[in-house]
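In what follows, chains carry the letters A, B, and so on, assigned in the order in which the sequence lines appear, proteins first and then strands, with residues in each chain numbered from 1. Remember, it's a predicted structure, so these values are computed and weren't measured experimentally.
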Amino acid sequence: MSERKNPYPFDAFEPKWQSIWDNEKTFKTLNPGDAGFDASKPKCYILDMFPYPSGAGLHVGHPEGYTATDIVSRYKRMNGFNVLHPMGWDSFGLPAEQYAIKTGQHPSITTYANIDTFRRQLKMLGFSYDWDREVATTDPRYVRWTQWIFLRLYNSYYNEELKKACPVSELEEKGWTREQIDNVRLAYVAEGMVNWSPDMGTVLANEEAEEWKSKGHIVERRKLRQWMLRITAYAERLIDELEPLDWPESIKLLQRNWIGKSTGAEVNFTCGEHTITVYTTRPDTLFGATYMVLSPEHELVAQITTPEQKAAVEAYQAECAAKSDLERTDLSKEKTGVFTGAYATNPVNGNQVPIWIADYVLTGYGTGAIMAVPAHDSRDFEFATRFNLPIIQVVQPDDADTPWQDFCGYDGTMVNSAHFNGLSVPEAKAKMTAWLEEMGYGCGKVNYKLRDWLFSRQRYWGEPFPIVWNSEDGNHYAIPESELPLLQPEMEDFKPSGDPRGPLVKATSWIQYSDTFTRETNTMPQWAGSCWYYLRYLDPTNDNAFVDPEVEKYWMGGNNPGGVDLYVGGTEHAVLHLLYARFWHKVLYDYGLVSTNEPFNKLVNQGLILGEDSQKMSKSRGNVVNPDDIVREYGADSLRMYEMFMGPLKEVKPWQTKGVEGISRFLARVWRLAMVENQEGEWVLSDNIREADSGVTPVRKEVHKTIKKVTEDIESMSFNTAISKMMECVNAMYTALKDNAGICLADYVSLLHVLNPYAPHLTEELYSILQQRFASLPACQLCRQTWPTWNPEYLVENTKEIVIQVNGKLRDKITVAADAPKEEVEAAALASPRVQEHTAGKTIRKVIVVPGRLVNIVAN
RNA sequence: GCCGGCUUGGCGGAAUUGGUAGACGCGCUCGACUCAAAAUCGAGUUCGAAAGAGUGUGGGUUCGAGUCCCACAGCCGGUACCA
């Protein structure tokens with residue numbers, strides 16, 4: 001520990017202000033209907049991605065986004081908005097469960113201990129959250145409504161005509177059978193191939209499987225009965241309604257690619273009495289189809305395979321079944337497949353084409369069968385080359401230098417395609433689709449890559465499904481809403497047992513709901529709670545509804561486009577959380593339970609903070625920076641402000657502890673503008689700050705420039721340049737002090753105002769000290785005061801420096817009156833000795849005068 | 001492979017969107033204060049002695065390019081046979 005005295009006493013006043021804000025509930029936000037609520041103010045909902053309260057505590061990445069939103073929140077409050085700025089905990093999760101298994105402690109114990117640490121750390125940074133709205137996804141009062149929303153999904157289907165969710169009870173009234181209804185629910189049960197780890201006792205997402213395998217866990221593919229959410233029903237809306245959002249284009253693109261919309265056609269091939277339907281995005285190339293491929297799992301494979309090929313086909317199917325998704329999709333391996341012995345008829349020309357099976361055709365996409373056009377599809381080309389299948393050209397590339405083999409582009413002309421010859425590819429695509437429909441050979445079809453969402457997990461520490469199974473009819477039923485929340489039973493042993501029903505099967509008395517009903521033992525994934533937390537903040541203690549409709553309307557509705565006004569977080573949630581939450585929100589919207597079809601109107605992604613070595617921070621690299629250490633050493637204001645000064649919020653940037661020192665020095669300079677140490681070493685107000693107005697001094701001008709710059713930069717979230725400007729302003733004040741001019745109180749207080757959102761502790765402390773001396777200052781915290789405005793008159797310069805270039809090179813600078821006419825500026829430029837030197841012996845061809853900026857003289 | 005993003009001094013980064021490249025900060029150098037140091041304050045700091053050169057590379061448009069266009073390279077992220 002250093003002996004160094006703190007450059008300003010943040011260690012004394014930062015905790016002081018934090019407890020004032022806590023005790024006074026300075027940042028409490030009222031709802032419509034609350035006493036004292038001011039309905040005349042516009043609303044602003046500023047949201048952070050809530051953290052998973054891990055045992056490691058806060059990371060320096062957290063305060064980056066949290067400081068940015070805190071600055072905007074404080075700024076908006078000072079500009080007369082009702083600001084909703086809440087914080088909570090995404091507190092279900094595997095680490096707590098695994099720690100619990102190791103220690104034998106209940107996961108709620110570690111979870112709530114970690115939450116306490118996170119809350120302490122966030123309060124230590126002076127964020128202006130309304131802590132009365134804190135939520136935790138593990139809280140029974142929260143779980144209740146997560147389960148309630150799940151039941152909404154369970155009791156809904158997607159009405160294709162209305163393009164919205166509707167209650168399945170409508171279908172019952174229409175006389176649908178139980179089975180038919182179960183097939184359309186938004187939450188449904190399906191058998192499917194999943195990654196199952198017997199030793200961990202849970203299913204894994206595809207993305208997780210390889211990672212756990214490399215850590216020595218066993219991951220196998222198993223057909224299991226799982227709960228799914230029918231997010232695919234919303235694919236079209238999830239793409240279309242993304243468009244108008246104020247999100248980074250790159251994130252929109254990521255979501256669009258993930259949903260993966262493609263337009264093409266389904267075409268029916270015949271094989272004996274069977275019809276095999278294929279999906280293609282290139283119906284135009286139908287005349288070039290020389291073989292067909294079914295996925296190994298395709299249901300017709302067994303029926304069409306000839307006796308001679310049966311053994312080979314079955315061997316291949318077994319081989320594929322043993323492979324993981326990752327092995328199957330390894331692009332570097334050679335294509336494999338076997339011939340079924342069967343042939344299909346191409347409907348457009350009656351050609352007989354061989355039918356193969358190969359694992360490069362996926363079961364889950366399209367129809368699980370393709371027509372292969374090796375001339376114009378790289379995968380088919382590779383396969384056909386390997387197995388010596390015929391290749392027929394049907395597209396001639398427009399660029400004569402491009403070979404037609406393996407040409408997959410759209411800029412070409414049809415050949416060998418009967419009456420389609422001569423058409424461009426896009427024309428042929430449209431005409432072929434229309435023709436297929438006319439002839440009854442097929443139809444246009446839109447497909448999505450998006451799959452339904454595997455929603456069940458075999459874990460203890462998650463929301464149990466509010467579902468019971470009837471042992472007589474084998475059906476699932478919702479439990480009554482009055483029984484929510486349904487919590488996990490208290491259990492001694494929630495270790496995975498290898499049973500794919502999950503650890504809850506061991507709670508035998510809990511499972512037994514009644515004589516004929518047993519409980520579903522799966523739990524929901526961590527995403528469930530984070531899908532709607534932003535709605536619970538609006539009304540966190542309501543036990544009658546997940547949110548009061550009037551309250552929801554105020555915070556989420558109203559001004560176009562509504563929703564959360566600003567949502568800041570990392571890119572890692574670009575497709576998962578942000579897609580899932582949009583999906584749930586749309587279901588709620590379909591029922592009129594929320595006001596907008598989209599939850600997050602504006603999204604900003606903060607960039608990752610790297611370690612001092614420009615590498616990703618990690619324990620193993622030893623480059624992790626702990627916010628606690630920085631706050632102890634330099635104070636919360638320094639940490640907040642440094643993270644904003646590092647660079648643009650959106651950019652990836654490396655940490656530099658020396659940079660924190662620089663900010664700390666700056667804040668100390670602000671402090672010492674007003675404060676001085678007396679003989680006893682105590683900080684007291686100096687006489688630098690003077691109440692008398694000194695008029696329009698250079699400092700006054702600089703302060704107003706700073707107000708303008710900081711205001712504009714907060715609006716555009718360019719916090720780093722706002723801080724630079726405040727530094728320049730402070731530098732100007734020090735320059736004024738050199739001349740013993742003193743600093744005008746009004747100017748200094750304006751600086752404190754604009755600095756307040758960045759460094760709230762320091763500025764409140766200085767203001768309260770000044771307020772004791774200068775009674776003219778309102779006795780009210782800065783954060784409750786009004787944001788200052790700049791006087792444009794102070795910004796007007798009456799002279800301008802004009803740059804003079806000869807042939808584009810800087811040669812001289814002259815100062816002219818701001819309103820000097822062009823001719824005068826030009827004449828002054830030409831008269832410059834430096835210019836004459838550089839134009840000597842040359843002819844002046846042209847003179848360009850940009851008023852207020854520069855003169856460029858072209859001479860040769 | 002495909003799709004995005006980035007590339008500016010010794011370092012983090014500015015640059016009014018086509019008009020003084022390097023604001024602000026870090027680091028470094030020198031000076032003041034001090035017995036000395038730290039802290040603080042002040043001066044300087046793209047390279048080059050200078051002419052001049054200079055924003056990943058090569059070309060182009062323009063009176064003028066970090067900024068616009070074309071080609072390429074490197075790094076980072078996403079995605080993975082989606083027919």
Taking the [atom1] atom of each, how far is [N] from [M], in whole Å?
| N | M | atom1 | answer |
| --- | --- | --- | --- |
| B:rG22 | B:rG44 | C1' | 16 Å |
| B:rC11 | B:rA71 | C1' | 32 Å |
| B:rC68 | B:rG1 | C1' | 30 Å |
| B:rU29 | B:rU79 | P | 47 Å |
| B:rA43 | B:rC24 | P | 12 Å |
| B:rA51 | B:rG59 | C1' | 27 Å |
| B:rC3 | B:rA15 | P | 30 Å |

RNA chain B-proximal residues of residues 281-290 of chain A, any heavy atom under 4.0 Å: A:Thr281, A:Arg282
Contact list for RNA chain B against residues 705-721 of chain A - heavy-atom distance below 4.0 Å: A:Asn720, A:Thr721
Chi-based syn or anti call at B:rU8, which uses purine or pyrimidine torsion atoms and a 90° bound: anti
Suppose we screen for side chain to side chain donor-acceptor pair (under 3.5 Å). Which residues come up paired with [X], at least two apart in sequence or across chains?
| X | value |
| --- | --- |
| A:Gln679 | none |
| A:Ser262 | A:Tyr279, A:Tyr365 |
| A:Thr336 | A:Tyr316 |

Within less than 4.0 Å of OP1 or OP2 of [N], is there a side-chain N or O belonging to [X]?
| X | N | answer |
| --- | --- | --- |
| A:Arg665 | B:rA39 | no |
| A:Lys813 | B:rU20 | no |
| A:Tyr360 | B:rA83 | no |

List the atom pairs, with distances to 0.1 Å, where a side-chain N or O of residues 842-852 of chain A and a protein N or O form a donor-acceptor pair under 3.5 Å, not counting sequence neighbours.
residue	atom	partner	partner atom	Å
A:Arg845	NE	A:Asn860	OD1	2.7
A:Arg845	NH2	A:Asn860	OD1	3.2

Taking only Lys NZ, Arg NE, NH1 and NH2, and the carboxylate oxygens of Asp or Glu, determine whether [X] and [Y] approach each other closer than 4.0 Å.
| X | Y | answer |
| --- | --- | --- |
| A:Lys708 | A:Glu712 | yes |
| A:Arg256 | A:Glu243 | yes |
| A:Lys705 | A:Glu797 | yes |

When you get a sec, tell me which of [options] is the closest nucleotide to the side chain of [X]?
| X | options | result |
| --- | --- | --- |
| A:Pro648 | B:rA53, B:rG13, B:rU20 | B:rG13 |
| A:Arg853 | B:rC24, B:rG19, B:rC3 | B:rG19 |
| A:Phe645 | B:rA21, B:rC24, B:rG78 | B:rC24 |
| A:Val850 | B:rG19, B:rA43, B:rC24 | B:rG19 |
| A:Lys738 | B:rG42, B:rA83, B:rG12 | B:rG42 |
| A:Gln656 | B:rG25, B:rA23, B:rA83 | B:rG25 |
| A:Arg672 | B:rA83, B:rA21, B:rC41 | B:rC41 |
| A:Tyr279 | B:rA83, B:rG27, B:rU20 | B:rA83 |

With [X] via salt bridge (charged side-chain N to carboxylate O under 4.0 Å, His left out) - residues at least two apart:
| X | result |
| --- | --- |
| A:Lys701 | none |
| A:Glu299 | none |
| A:Glu236 | A:Lys163 |

Could you check whether [X] gets within reach of a base, just the sugar-phosphate, or nothing at all, counting any heavy atom under 4.0 Å?
| X | value |
| --- | --- |
| A:Lys449 | base |
| A:Val652 | sugar-phosphate |
| A:Leu362 | base |
| A:Arg669 | sugar-phosphate |
| A:Thr571 | nothing |

When you compare the side chain of [Y] with that of [X], does any pair of heavy atoms fall below 4.5 Å?
| X | Y | value |
| --- | --- | --- |
| A:Ile714 | A:Ile71 | yes |
| A:Val855 | A:Ile857 | yes |
| A:Cys320 | A:Asp359 | yes |
| A:Leu762 | A:Phe10 | no |

Tabulate protein N/O versus nucleotide N/O from nucleotides 63-69 of chain B, keeping only pairs under 3.5 Å, one per line.
residue	atom	partner	partner atom	Å
B:rC63	O2'	A:Asn856	ND2	3.2
B:rC63	O2	A:Asn856	ND2	2.6

Donor-acceptor pairs under 3.5 angstrom involving side-chain atoms of residues 719-730 of chain A: please list them, not counting sequence neighbours.
residue	atom	partner	partner atom	Å
A:Thr721	OG1	A:Asp713	OD2	2.8
A:Thr721	OG1	A:Ser718	O	3.1
A:Ser724	OG	A:Asn720	O	3.3
A:Lys725	NZ	A:Glu702	OE2	3.1

Residue closer to the 5' end of RNA chain B, A:Lys658 versus A:Asn257 (nearest nucleotide): A:Asn257
Toward the 5' end of RNA chain B, by each residue's nearest nucleotide, A:Tyr642 or A:Thr735: A:Tyr642
Distance-only donor-acceptor check, side chains A:Ser378 and A:Asp406, under 3.5 Å: yes
Please report, rounded to the nearest Å, how far the [atom2] atom of [N] is from the [atom1] atom of [X].
| X | N | atom1 | atom2 | value |
| --- | --- | --- | --- | --- |
| A:Met727 | B:rA14 | CE | C1' | 13 Å |
| A:Arg834 | B:rA51 | CZ | C1' | 12 Å |
| A:Glu661 | B:rA39 | CD | P | 8 Å |
| A:Tyr8 | B:rU40 | OH | C1' | 16 Å |
| A:Ile259 | B:rG78 | CD1 | C1' | 15 Å |

For RNA chain B, stems built from three or more consecutive Watson-Crick or G-U wobble pairs below 3.5 Å: B:1-7 with B:73-79, B:10-12 with B:24-26, B:27-32 with B:40-45, B:56-60 with B:68-72
Heavy-atom donor-acceptor pair, A:Lys725 side-chain to B:rC24 base, under 3.5 Å: no
Donor-acceptor pair (no angle test) under 3.5 Å: A:Arg811 side chain, B:rU20 base: no
Approximate separation, where rounding is to 0.5 Å, of A:His838 NE2 and A:Asp812 CG: 9.0 Å
